[in-house]
Amino acid sequence: MDFTSPLVKDFQLAVNDRFNVMIPIDQIIINETRKEFEGDFTIVLFPFVKLFGKPIEEIGQILGQKLVDDQHFVQGFNVVKGFLNITLSDSFWLDVMDELTENPVIEKSKLKKGKVLVEFASPNTNKPLHLGHIRNILLGWSMSKIYEANGYDVIKTQVINDRGIAICKSMYAWKSWGNGATPESLQVKGDHFVGDFYVLFEKKFQEEYKLWQQSNDAQKLFSQNGQFKDQEEFFKGYKNQYFNEKSKIGNDARKMLLDWEANDESTRQLWMKMNQWVYDGFDTTYHDLGVSFDTTYYESDTYLLGKKAVKTGLDSGVFFKEPDGSVWIDLTDAGMDKKIMLRSDGTSVYITQDIGTAQQRYEDFQVSKMIYTVGDEQDYHFKVLFEVLKRLQEPFADGLYHLSYGMVELPTGKMKSREGTVVDADDIISEVIQEAALLTAERGEISHLSETEKAEIIRKIGLAALKFFIIKVAPKKKMIFDPKDSVDLQGQTGPYIQNAYVRIQSLLRKAAEQNINLNQRNDQNLITFNAYERSLLKQVMQFSDIVRNAAETYDPSIIANFSYQLAKDFHRFYHEVRILNAENADVKVSRLKISKVVGDVLKAAFDLLGIEMPDRM
RNA sequence: GGUCCCGUAGCUCAGCUGGAUAGAGCAACAGAUUUCUAAUCUGUGGGUCUCAGGUUCGAAUCCUGACGGGAUCACCA
C-alpha cells in the first residue's frame, strides 16, 4: 500500500498553485521526519530555492499553509531551515490503521511475475556442513521466500558435489580401516561419519608422507631443488606431486576414482552407500534449519553436461580451438582473461559443467531468473560464466544473478580445517538451543507447559538467535561470528524480536477473553494518535516497499534490520502506553489493532528470513 | 602486478539511489517492575565515518587518488 504518494501529489499541486511550476514527482524528496523534530513526514525544499527566487523559509510557510488549507490529510506543519515538516491528521492515521488491519501485510501481486530458480547450500559430500554453509543456506532460503512474496514462482535447488577424489579418499579409508562400521553401528550422524573417514585418510596420508620424507629418494629430491632453504618448505610444496606420483594410498584412491569413472560395479556401490549416509546427515541438518529443496542436482549427473554447448560455441565462433585440441574463449575485450572451456584431452572443466547445468535447468523449468548463492571467492568465476552464457545467446542469460556473500570468520581469524577451528553446523545449532533452554528455565515464564511444547519454543528461540545473528549482516560483507555473541538473547537479536511478538500475542489473548472485536471500523469517534502509534503505523505501512527492495537488491538483511527497528519501537510503545487499560474503549481497540498489525508484520518478516515465531516464551 | 570487494564508537553491525546535531546492540556505569511477559524500558560516557583532493546549497553516502584488510587471476572445483 502506498500512503505517501497522495501527499507528494498534493505537494506538487500546491507548488503549481502557488508558484505556477509543475515539479516532476520524482524530484520531490520525502522522508520520515527525524525523531527530534515535530511532524510525520518531511519534504526537502532546497532543490526549489533557485526555482522560486524567495527565501527558503518563506517558501516552506507558503506551501505548508496551502497543504493545511487543502484539508486533505495535513493537520499542521513547521519549517526548519530547508525542511518542511508535515503533521498528518488523525483521520488520515485512522484510515491507515484500518486499511492495514483489513488487508494482508504483504500484498501478493496477483499477476505472476515469472519463475525464478534459487540455488543454495550446494555442499561437498566429504565434509559435514559448517558455519559458512549456514550463512549460504539462510541467504538462499530467505531469497526464495522473498521472491515468492514478490509474486514469483520459486524453485529451490542445490547441486551436490558428490564425485571426485575427495569422496574416493573417504571410500578408501572406510574400506581400509572402517571394519564395516556404519553410522548406525557407531551412532554417528552420516555426514560426520563419512567426514571422519576423510580426515582419517588425510591423517594416514600425512603419516605416510612424513615417513617417506626420511627416505633416500626424498632426500635426493630435496637436495636437487637447491632453491629451497629448508626441508619443511620444500615438502609442503611437493605434497600434491607426492600424492599423485609416489603415494601408495594416494595411488589407491586415484585408482578408485578411475574405477568410478569406468563404472566399476563395486566402486559405484560403495560410492552410493557412503553418499547416502552423507545425504541422510545433510537432511537432518536441513531439517533442523527448517529448509528444504524442490529439486537437487548431482554433479555425477551434470559433470558431463556442457560439451554440446562447447560445440555450439565453436560453430558460432564464440569459442576457438588451440592446436592441442583445447577449447577457449577470449574475454579480454570485456576486461576478463582467456578462459578454457574444454581440456586438450576433451574433458570438461568446472565452467563447462556450469554452462551445461544452467542449460539443463532452463530446459527443466523454463525459469526467467536464476540466482546462485555462492561465496564471493567465486565472483570472477560467475562473471565469466554469465558473460559466456550471454555470448552463447542463451534465452535466460539476462536473468542470472550471483548472490555473493562474504566469508564467515571467527574472532580469532579464518576458520581452518587443518587447525580444527571450523565451526560445525550441527554443533552450533545444538549449542544455541541449549543456551536458550538454560535461560528459558531461569525465566520460568513457560514452565507450566508440557515438555514437548517447551522444547518446541526453546528450539524456536535458539534458532532465532543463531539465524538472526547471521542474516542481519549485509550479504556482501564478510562477517565475524563470535559464538559467544550468537547465543545472546538480548538486545539486537532474534529473541528480542520474538519477544515483541510474544507480548502482542499475550495482549491479543487477553483481548479475546474480553470479547473485544478488532474487525470493526471506528467511524464515529476520532482518536488522537500519539507519536508511538504514528511511528509504528509508519513502519508497518512501509513493509511492502521493504520486501520489494529486498528482492531488488538481493538483500535479506534489510528485512532483518527493519524487523528489529519495528520490534524496538513496539517495546517502547508497550512500555510507555497502556493498551488493555487505555483511557477509553476506542483507544483500547485502536492500540490493539496497531499491536496486532505490528505482530503480523513481524511474523511475516521473520517468515521471510526463515525464522519461526513462538506464541509464548 | 591486473581486477573485484571491504574500511563508520573498545567490539559486532546499521545508515551508502546525497539532506537536519552520524545511529543501534554488546561491553561499563546509574536507574525503572503494587500495572498488559523485565528476553523489556530510561539515562551517562564513548566518533578525525581510514586519509587527501574534487563535485554540490549540502558528502559517511557520488568521483579521483593514496593507505590498510580480503578475494581472485589453473587444462582445480
Side-chain angles (χ1 to χ4, degrees), chain A residues 29 31 33-34 36-37 42 44-47 49-50 56 80-83 85 124 161 164-166 240 299 303 322 324-328 335-337 339-351 353-354 375-381 383-384 404 406-407 409 411 414 436 439-440 442-443 445-446 461 465 469 472-474 476-482 484-486 488-500 502-507 509-511 549 553 557-558 560-561 564-565 567-568 570-582 588 591-592 595 616-617:
Chain A
I29 301 159
N31 296 315
T33 304
R34 294 181 64 119
E36 56 269 38
F37 298 94
T42 296
V44 185
L45 301 172
F46 293 106
V49 177
K50 276 181 272 182
I56 197 161
V80 180
K81 294 199 248 175
F83 300 94
N85 300 321
N124 300 333
N161 181 3
I165 190 68
N240 270 338
E299 284 204 348
Y303 81 109
E322 287 287 335
D324 66 0
S326 57
V327 177
W328 297 75
M336 288 169 257
D337 300 315
K339 192 85 194 171
I340 191 156
M341 292 292 128
L342 215 57
R343 293 191 189 99
S344 50
D345 64 5
T347 55
S348 321
V349 291
Y350 184 43
I351 195 161
Q353 172 188 322
D354 272 1
D376 63 6
E377 69 276 8
Q378 294 199 37
D379 282 356
Y380 181 68
H381 169 74
K383 211 176 150 200
V384 170
S404 167
M407 201 174 289
E409 292 178 14
K414 285 185 199 166
L439 293 167
T440 304
E442 223 169 77
R443 235 163 89 91
E445 195 71 50
I446 58 167
I461 295 169
F469 189 79
K472 73 173 185 197
V473 181
K476 75 172 172 180
K477 295 210 182 185
K478 73 171 188 200
M479 65 170 293
I480 312 283
F481 183 94
D482 190 335
K484 205 163 73 264
D485 293 347
S486 71
D488 269 353
L489 312 182
Q490 283 160 13
Q492 194 180 29
T493 66
Y496 172 96
I497 297 163
Q498 288 179 322
N499 186 230
V502 162
R503 284 177 146 184
I504 291 166
Q505 300 320 300
S506 175
L507 287 172
R509 280 194 297 269
K510 295 207 160 88
N549 194 241
T553 56
S557 75
I558 296 174
N561 289 305
Y564 171 67
Q565 189 58 49
K568 187 174 156 66
F570 181 80
H571 278 306
R572 196 179 150 96
F573 164 72
Y574 182 88
H575 192 265
E576 299 293 331
V577 173
R578 287 169 302 160
I579 299 169
L580 288 168
N581 310 317
K588 173 155 71 169
R591 286 179 183 163
L592 282 167
S595 301
R616 303 164 200 269
M617 65 194 287

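From a predicted model like this one, the values you see are computed outputs, not experimental measurements. Because only heavy atoms are used, hydrogens play no part in the values below, and waters and symmetry mates are left out as well, while side chains stay in.
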If the [atom1] atom of [N] is compared with that of [M], how far apart are they to the nearest Å?
| N | M | atom1 | answer |
| --- | --- | --- | --- |
| B/rA71 | B/rC76 | P | 22 Å |
| B/rG47 | B/rG23 | P | 14 Å |
| B/rU33 | B/rG70 | C1' | 48 Å |
| B/rA14 | B/rU8 | C1' | 10 Å |
| B/rC67 | B/rG25 | P | 38 Å |
| B/rA52 | B/rC13 | P | 26 Å |
| B/rC26 | B/rC16 | C1' | 24 Å |

Establish whether the base of B/rC36 is bridged to the side chain of A/Ser506 by a donor-acceptor pair shorter than 3.5 Å.
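When only heavy-atom distances are counted, A/Ser506 does not reach the base of B/rC36 through any donor-acceptor pair under 3.5 Å.
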Side chain of A/Arg34 (C-beta onward), nearest among B/rU3, B/rG23, B/rG25:
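Minimum distance to the A/Arg34 side chain belongs to B/rG23.
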Can you tell which of B/rG25, B/rC4, B/rC36 lies closest to the side chain of A/Lys510?
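Selected nucleotide (nearest to the side chain): B/rC36.
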Answer with base, sugar-phosphate or nothing: what part of the nucleic acid does A/Val577 contact at a heavy-atom distance below 4.0 Å?
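Result for A/Val577 = base.
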Tell me: CD of A/Glu377 to P of B/rC5, nearest whole Å?
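After rounding, the gap between these two atoms is 16 Å.
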